[in-house]
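Structure record follows, encoded as structure tokens.
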Amino acid sequence: MTTQIYRRFDPWRTSPVQEKARKQIMDSHYFSVDRVTFESSDNQTFDRSIVSEKHGDTIAVLAITDDGRIPLVEQYRLPTHRWTLELPAGHPLNDKEAPIDVATRRLREEAGYKATSFNQFARFINTPSFSTQHTTLFYAEGLTPVQPASLAPETPHQNVRLFTVAEAYDMVIAGTILDAKTTIAILRAKIGLSDLH
């Protein structure tokens, strides 16, 4: 068996399957779930459940204070039954809320800061095996403290912790920070922040 491939990678080349049927089996405020029937190139049919995100990308904000620290929010996550340290993040409220507006709102509501500048620096697919969800990362600076909003009922006491990039990186390496968007942003920050402007 050869490991060499003699073509350039093309993410948009022809699909090896055809969608034959789709039925929505669940609908919520952030996403819906469809049961989709596909047919493969050798005429086999199979079903998959696909999660579709509503209103656009999830938005997360890597903010840096004037003294070089990242605000991370302590949150209790019900599906994993654990506390996490995460970047401020969230979803658009509707189809008209722009990504920059979500970034501004979530930085204020979750971390308790407003910023003078926001720059998008990354976008990734969260779980391409079963979901359409993408996350867009913004870099924010020129921070001023403001009054945060309250989080969801599962996190009654909101705590924001400030860490240097080096401290946050060490927590990623140690497995203390496991949230994907936060891990990706911190690893990117470790490489360097100067070209995120």
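Atom set for the values below is all heavy atoms of this structure, side chains included, hydrogens, waters and symmetry mates excluded. Remember, predicted model here, so these are calculated numbers, not experimental data.
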Where do Thr84 and Asp179 land on the side-chain hydrogen bond (donor to acceptor under 3.5 Å, both in side chains) test, with the steps shown first?
CA-CA 7 Å; Thr84 61; Asp179 173 63; over 6 Å; no

Would you indicate whether the side-chain heavy atoms of [Y] and [X] approach each other to under 4.5 Å?
X	Y	result
Val172	Ile177	yes
Glu74	Glu86	no
Leu62	Ile70	yes
Thr65	Tyr113	yes

Indicate whether the side chain of Arg35 and that of Ser49 have a donor and an acceptor atom separated by less than 3.5 Å.
yes

If we count only N and O atoms by modelled type, under 3.5 Å, do the side chains of Glu53 and Thr58 hold a donor and an acceptor together?
yes

Identify which one of His134, Arg123, His91 satisfies the side chain to side chain donor-acceptor pair (under 3.5 Å) criterion when paired with Asp57.
Arg123

Phe46: what forms a ring pair (Phe, Tyr, Trp, His ring centres under 6.0 Å) with it, not counting sequence neighbours?
Phe38

Can you list the steps and then say if Asp10 with Arg8 is a salt bridge (Lys or Arg N to Asp or Glu O under 4.0 Å)?
CA-CA 6 Å; Asp10 175 11; Arg8 294 182 64 183; over 6 Å; no

Would Lys54 count as a cation-pi partner of Phe31, with NZ or CZ less than 6.0 Å from the six-membered ring centre and within 45° of the ring normal?
no

Suppose we screen for salt bridge (Lys or Arg N to Asp or Glu O under 4.0 Å). Which residues come up paired with Arg48, at least two apart in sequence or across chains?
none

